[in-house]
Amino acid sequence: MDKKKLVLIGNGMAGIRAIEEILKLLPDYFEITVFGKEPYPNYNRIQLSKVLQGDTEIKDITLNEWQWYEDNDVRLYPGESVTQIDTETQKVYTDKGKAVQYDNIIIATGSHPFILPIPGANKEGVTGFRDIADCETMISASRIYKRAAVIGGGILGLEAARGLLNLGMEVDVIELAPFLMDRQLDETAAHLLQDELEKQGMRFHLKKQTTEILGNERVTGLKFADGTSIQADLVVMAVGIKPNIQLAKETGIKTNRGIVVNDYLQTEIPNIYAVGECAEHNGIAYGLVAPLYEQAQVLAKHICGMNHQGYKGSVVSTQLKVSGVDVFSAGMINESNETKAIKLFNEWQNTYKKIVVKDNKLVGAVLFGDTTEGAKLFSYIKKGECVNAYLDSQQNRETGESIVSTMADDEIVCGCNGVSKGAIVKAIQDDGLTTLEEVKNATNASRSCGQCKGMVSDILALTLGDKFEKGEIKETVCGCTDLSRDEVIAEIKAKGLTHTREVMNVLGWKTEEGCSKCRPALNYYLGMVYPKTYEDERESRFVNERLHANIQKDGTYSVVPRMYGGVTNADDLRKIADVADKYDVGMIKLTGGQRIDLLGIKKDDLPHVWKDLGMPSGYAYGKSVRTVKTCVGAQFCRFGTQDSTGMGIQLEKKFEGLNTPHKVKMGVSACPRNCAEGGIKDVGIVGLDGVWEIYVGGNGGTELKQAELLARVKTEQEVLDYSAAFLQYYREHANYLERTSKFVERVGLDHVKEVILDEENRTALCARMDEALAAYKEPWNEAIESETILKDLYNTVIGGK
Ligand SMILES: Cc1cc2nc3c(=O)[nH]c(=O)nc-3n(C[C@H](O)[C@H](O)[C@H](O)COP(=O)(O)OP(=O)(O)OC[C@H]3O[C@@H](n4cnc5c(N)ncnc54)[C@H](O)[C@@H]3O)c2cc1C
Ligand SMILES: NC(=O)c1ccc[n+]([C@@H]2O[C@H](COP(=O)([O-])OP(=O)(O)OC[C@H]3O[C@@H](n4cnc5c(N)ncnc54)[C@H](O)[C@@H]3O)[C@@H](O)[C@H]2O)c1
Ligand code: SF4
Ligand code: FES
């Protein structure tokens, strides 16, 4: 039988989800052709906010790789738009002159950002925030310009504003309404949100109507109806979206705000469907993926001739994707005569919960500060559950218990993809799934906005029980491979692989480019295996390590110069004071590791600051040996038995710049009073009369852990050797991003002792440590001396300031 010809117009999230659903039902029934205006495979538009905020990269947000189209026999024309549908001859025509015959069409052309029709809206430097190209426009503008204005204080505008702050810009947000996110929040939640975002550095202008965009060719500012104005070099319009209906309209298909569809997503022409943001069902054009994916499922069933009761509309929930702010909203949130609300405002913890009840049923909710209950509330709202059922579930919940343990099987865990707890548990049990990645691939849960990942992990832990706890499950490097860390390292050594790309290629990575989890890990493992020859791949590192400074929540950076053992002198202090004045440093702060932190430095000032300081990097941002904290010791303290300061300086000089799987902190004290807090350090040294005690695997962070005694030694040289052997063993055997506390716990202190106390082992480990240390290049100096690094990473040149 000849295959039916199906043409999809729009290679976006909703259209491709419809194709995926069709392929699941009837894999060989259609000959599928896809036209996509953008020159990319289907990508996760939602994650553009994360790209702008620097948490992920464009190459990591692809949902369907090129290979997926090939594997499924889907012919894709990227970068090509359909310009005409001829319903008489059943052909579509494209802007590149192609004509393709069809039996069925799915229109999934999405939306356009709404651009205010005000004077100046077409100036250079005015953009929407909708696609990769917009994202790139903003990122490149941030390299040259300083002041951004976002028009629209809705969810998209705020996510854009956070991204622009992260890119180092000053950000003004202009909102027409009296409070932010007025479609999703009430006034109380909106004010809490505004307070929090102001602390992050955003400036808000509420109840402001923009009347003009100022400037000649490029934007220079905004003018408002009240006569005031502000300066801006970049303007992002985030004032809502407009369904992209042009093509449908020109084809004579009935349109309103969107393309009008029935419960089966059919337009008025039966063999033409519409799905996604461009479609209007019962008067609503949705702008979130959850309803669009529900539509895609119904469409697939209908086009494949399967029975379905049809699409009946969706209740929606939203969550803001701005780090440090938890906001959730679902259903009806405005109060009226017909509704009652339960409101809980905890001023101490700065959390707010509002639950809206109508006819005894839960119909809406707003959460600020703690959104862990979001999925549960959303399930109750969707089911129109009685409010008492929710209140009872609250009472029965024990403190500290994961919310998933109290969820019923039919409660939705992943709102975007409509996946219930029961479906996840079933997939784990039936298919023997053991990782988040496997659950994602099998069920789609966590595949879109990613907000439900925590709950999916909790369900994995709950379902697998002891097996999960004991780590009996093979932990792969990441979802791009089925190989564990040990297997990857063994293959690197056996096959002599020398680059991250080569590793991915030869070891059959599932993604061409890897992801933000495996790339830094591979970069570390290769550097560890080949300390002498491996060229560090800066682009594979996390942003702080790439830039050699710590990004702050307002988008500026912090600079911590090296001060061996926490000891400084008048010359260095003078230089620090001069730099603080010259670069308008926001705050000078002593760190927990006894160093001086200069906060609030702009990205392009970083190399100038380093040059003026003339001090090495303190690596306060690195997966590396950070600080060696010391007590004053025998020279001054009346309890001191050893020269703790001198010992600390020797340790810090020896391990300066060493790459480690995670950060490493050290402390040296000269008596058991332990003023340098060696008991909670990765390596803690305590001096006693004629003896040094070496402790390992401590942690003073979120998971407090006391360090354990590794050895007692007599000389300073032995302290250096035992510490070096321990650190090298950790470097060679820990998973990337595993702290020493977790590592020692995993392999056992007895095992670590057995290895390190053996002289032969120790000598070999020390020799390999020396090789690794020989490769160290001081990064701040390296940046100052390289025009390419200055230009590419910091967008500056040395000599100007
Ligand atoms: C920055 C950002 C963050 C977001 N965050 C969230 C979130 O957290 N949660 C959430 O649920 N939703 C979020 N959304 C909304 C979500 O991304 C959209 O609802 C979803 O992508 C819409 O899918 P779609 O397929 O209808 O449209 P799109 O994904 O826009 O796809 C339509 C595609 O069709 C192409 N096209 C248009 N016309 C033609 C033509 N004539 N020929 C060929 N191709 C054409 C377009 O170029 C586009 O690639 C976010 C959106 C943005 C922009
Ligand atoms: N986390 C998420 O779920 C998420 C994130 C980003 C985008 N999105 C989706 O993307 C789409 C677009 O989002 P959006 O925030 O642009 O739309 P929106 O309609 O939700 O918000 C637009 C905002 O702009 C304001 N506004 C309108 N005209 C204005 C003017 N002239 N001057 C100043 N402010 C004005 C409105 O009052 C409103 O606050 C929506 O469908 C949204 O759901 C969702
Ligand atoms: S640890 Fe002991 S020697 Fe060091 S400063 Fe404290 S009391 Fe003095
Ligand atoms: S809730 Fe968005 S991916 Fe699961």
Side-chain angles (χ1 to χ4, degrees), residues 8-18 34-38 40 42-52 77 79-83 92 94-95 107-114 116 118 128-131 134-135 150-160 163 173-177 179-184 205-210 224 237-241 243-244 246-247 275-279 285-293 295-296 316-322 327 329 374-375 412-419 440 444-453 455-456:
L8 168 67
I9 307 174
N11 184 29
M13 296 183 76
I16 291 296
R17 177 57 70 90
V34 179
F35 291 99
K37 196 181 207 162
E38 296 181 78
Y40 309 99
N42 175 36
Y43 65 87
N44 192 341
R45 201 171 296 287
I46 295 179
Q47 296 293 357
L48 287 178
S49 301
K50 296 279 171 190
V51 170
L52 198 70
Y77 293 101
E80 190 159 348
S81 297
V82 172
T83 48
V92 298
T94 75
D95 58 351
I107 305 180
T109 45
S111 297
H112 291 304
F114 182 65
L116 293 174
I118 50 176
F129 181 20
R130 180 72 197 175
D131 53 27
D134 295 336
C135 226
V150 177
I151 308 183
I155 198 153
L156 180 69
L158 297 179
E159 290 184 9
V173 178
I174 295 94
E175 169 59 53
L176 196 58
F179 58 87
L180 300 175
M181 281 178 65
D182 69 335
R183 289 175 51 179
Q184 293 92 0
H205 308 264
L206 302 177
K207 291 197 254 178
K208 283 264 179 194
Q209 188 176 8
T210 313
F224 304 117
M237 294 250 196
V239 290
I241 49 177
N244 184 357
Q246 175 106 2
L247 181 65
V275 71
E277 282 189 352
C278 64
Y286 294 90
L288 292 163
V289 292
L292 312 185
Y293 285 170
Q295 294 176 353
V316 293
S317 75
T318 41
Q319 230 171 314
L320 182 69
K321 302 191 297 298
V322 166
V327 188
S329 156
I412 297 293
V413 171
C414 175
C416 290
N417 294 285
V419 191
K440 178 163 102 179
N444 275 330
S446 82
R447 195 174 164 210
S448 310
C449 72
Q451 311 266 27
C452 57
K453 272 186 189 160
M455 274 203 286
V456 178

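Numbering of ligands and ligand atoms starts at 1, following listing order.
In terms of N/O distances under 3.5 Å, ligand 1 is approached by Met13. Among the atoms of Gln319, none of the N or O lies under 3.5 angstrom from an N or O of ligand 1. For ligand 2, the polar-atom distance check finds an N/O of Gln319 within less than 3.5 Å of one of the ligand's N/O atoms. In terms of polar-atom proximity, defined here as any N/O pair under 3.5 Å, Gly287 does make such a contact with ligand 2. Inclusion of Thr210 in the set of residues having an N or O under 3.5 Å from an N or O of ligand 2 is not warranted. Polar contact with ligand 1: absent for Cys416 (N/O pair, distance under 3.5 Å).
Below the 2.8 Å limit, atom 4 (Fe) of ligand 4 has as protein N, O or S neighbours Cys414 SG, Cys452 SG.
Between Ala290 and Gly415, the closest heavy-atom pair is CB-O, 3.1 Å. Between Leu8 and Ile16 the shortest heavy-atom distance is CD2-CD1, 3.8 Å. Minimum interatomic distance between Val413 and Cys452 (heavy atoms only, all atoms of both residues): O-CB, 3.5 Å. Between Leu288 and Ser317, the shortest heavy-atom distance links the atoms CD1-O, 3.7 Å. In terms of heavy-atom proximity, Cys449 sits nearest to Gln47 at O-NE2, 3.5 Å. Listed here is the closest heavy atom pair of Val327 and Gln319: O-CG, 3.1 Å.
Residue-ligand proximity, Gly276 to ligand 1, at heavy-atom distances under 4.0 Å covers atoms 26 (O). For ligand 2, the atoms lying closer than 4.0 Å to a non-hydrogen atom of Lys321 are 1 (N), 5 (C). Residue Ile174 approaches ligand 2 through these ligand atoms, each under 4.0 Å from one of its heavy atoms: 33 (C), 34 (N). With ligand atoms numbered from 1 in the order given, ligand 1 contributes 36 (N), 43 (C), 44 (N), 45 (C), 47 (O) to contacts under 4.0 Å with heavy atoms of Lys37. Each of the following atoms of ligand 2 lies closer than 4.0 Å to a heavy atom of Leu288: 3 (O), 43 (O), 44 (C). Atoms of ligand 1 lying under 4.0 Å from at least one heavy atom of Gly287, given by number and element, are 15 (C), 19 (O). Annotation for ligand 1: atoms under 4.0 Å from non-hydrogen atoms of Phe35 are 43 (C), 44 (N). Ligand 1 places these atoms under 4.0 Å from at least one heavy atom of Asn244: 37 (C), 38 (N). In the vicinity of Glu38, heavy-atom distances shorter than 4.0 Å reach the ligand 1 atoms 47 (O), 48 (C), 49 (O). Of all atoms in ligand 2, numbered sequentially from 1 with element shown, those under 4.0 Å from a heavy atom of Gly154 are 15 (O), 21 (O), 23 (C), 39 (O). Of all atoms in ligand 2, numbered sequentially from 1 with element shown, those under 4.0 Å from a heavy atom of Asp182 are 37 (O), 39 (O). Interface of Ser81 with ligand 1, defined as ligand atoms under 4.0 Å from a residue heavy atom, comprises 42 (N), 43 (C).
For the side-chain contact (heavy atoms from CB on, under 4.5 Å) with Glu80, the qualifying choice from Asn11, Asp95, Val34 is Asp95, the only one to do so.
Here the protein heavy atom with the shortest distance to atom 17 (O) of ligand 2 is Gly240 CA, 3.4 Å. With hydrogens left out, the protein atom closest to atom 18 (C) of ligand 1 is Glu277 OE2, 3.0 Å, a heavy atom. For atom 2 (C) of ligand 1, the nearest non-hydrogen atom of the protein is Leu156 CD1, 3.7 Å. Distance from atom 19 (O) of ligand 2 to its nearest protein heavy atom, with residue and atom name: Arg183 NH1, 2.6 Å.
The nearest non-hydrogen atom to atom 51 (C) of ligand 1, considering only Gln246, Arg45, Lys321, comes from Arg45. The heavy atom nearest to atom 30 (O) of ligand 1, considering only Gln47, Lys50, Arg130, Glu159, is found in Arg130. With distances taken over non-hydrogen atoms, the option nearest atom 35 (C) of ligand 2 out of Val239, Ile241, Leu320 is Val239. With Val322, Leu176, Val173, Ile155 as candidates, the residue nearest to atom 2 (C) of ligand 2 on a non-hydrogen basis is Ile155. Atom 25 (O) of ligand 1 has its nearest heavy-atom neighbour, among Ala14, Gly163, Ser448, in Ala14. Residue Ile9 holds the heavy atom nearest to atom 40 (C) of ligand 1 of all those in Ile9, Leu48, Ile46. Of the candidates Leu206, Leu48, Leu116, the one placing a heavy atom closest to atom 31 (N) of ligand 2 is Leu116. Looking at Val316, Val327, Ile151 and measuring to atom 32 (N) of ligand 2, the nearest heavy atom belongs to Ile151.
Between the side chain of Asn444 and the main chain of Asn417, no donor-acceptor pair closer than 3.5 Å is present. Judged by distance alone, the side chain of Gln295 and the main-chain N or O of Gly276 form a donor-acceptor pair under 3.5 Å. Using modelled atom types, no side-chain atom of Glu175 and backbone atom of Leu180 make a donor-acceptor pair closer than 3.5 Å. Asn44 places a side-chain N or O within 3.5 Å of a backbone atom of Ser448 that can act as its donor or acceptor partner.
When heavy-atom distances to ligand 2 are checked against a 4.0 Å cut-off, Glu175 comes that close through both its backbone and its side chain. The side chain of Thr318, and not its backbone, has at least one atom closer than 4.0 Å to an atom of ligand 2 (non-hydrogen atoms only; side chain from C-beta on). For Phe129, heavy-atom contacts with ligand 1 shorter than 4.0 Å involve the backbone as well as the side chain. Contacts between Leu292 and ligand 1 below 4.0 angstrom, taking non-hydrogen atoms only, involve the side chain exclusively. Within the 4.0 Å heavy-atom criterion, neither part of Ile46 lies near ligand 2. If you look at Ala108 next to ligand 1, the close heavy atoms, those under 4.0 Å, all belong to the backbone. Residue contacts with ligand 2, taken as heavy atom pairs separated by less than 4.0 Å, involve Leu156 via backbone and side-chain atoms alike.
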- [ ] Determine, step by step, whether Gln184 and Ser329 satisfy the side-chain hydrogen bond (donor to acceptor under 3.5 Å, both in side chains) criterion, reporting the C-alpha distance in whole Å, the side-chain angles of both residues, the deciding distance to 0.1 Å, and the verdict.
- [x] CA-CA 6 Å; Gln184 293 92 0; Ser329 156; over 6 Å; no
TODO: Give the C-alpha distance, both sets of side-chain angles, the deciding distance and a yes or no for side-chain hydrogen bond (donor to acceptor under 3.5 Å, both in side chains) between Asn42 and Arg17.
DONE: CA-CA 10 Å; Asn42 175 36; Arg17 177 57 70 90; over 6 Å; no
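Partners of Ser111 under the side-chain hydrogen bond (donor to acceptor under 3.5 Å, both in side chains) rule, at least two apart in sequence or in another chain, are Glu277. Listed by chain and number, the residues in a side-chain hydrogen bond (donor to acceptor under 3.5 Å, both in side chains) with Asp131 amount to none (sequence neighbours excluded). Applying the side-chain hydrogen bond (donor to acceptor under 3.5 Å, both in side chains) rule to Tyr43 yields the partners Glu38, Arg45; only residues at least two apart in sequence or on another chain are considered.
Residue Glu159 places a heavy atom under 4.0 Å from ligand 2. Under a 4.0 angstrom heavy-atom cut-off, Glu80 registers as being in contact with ligand 1.
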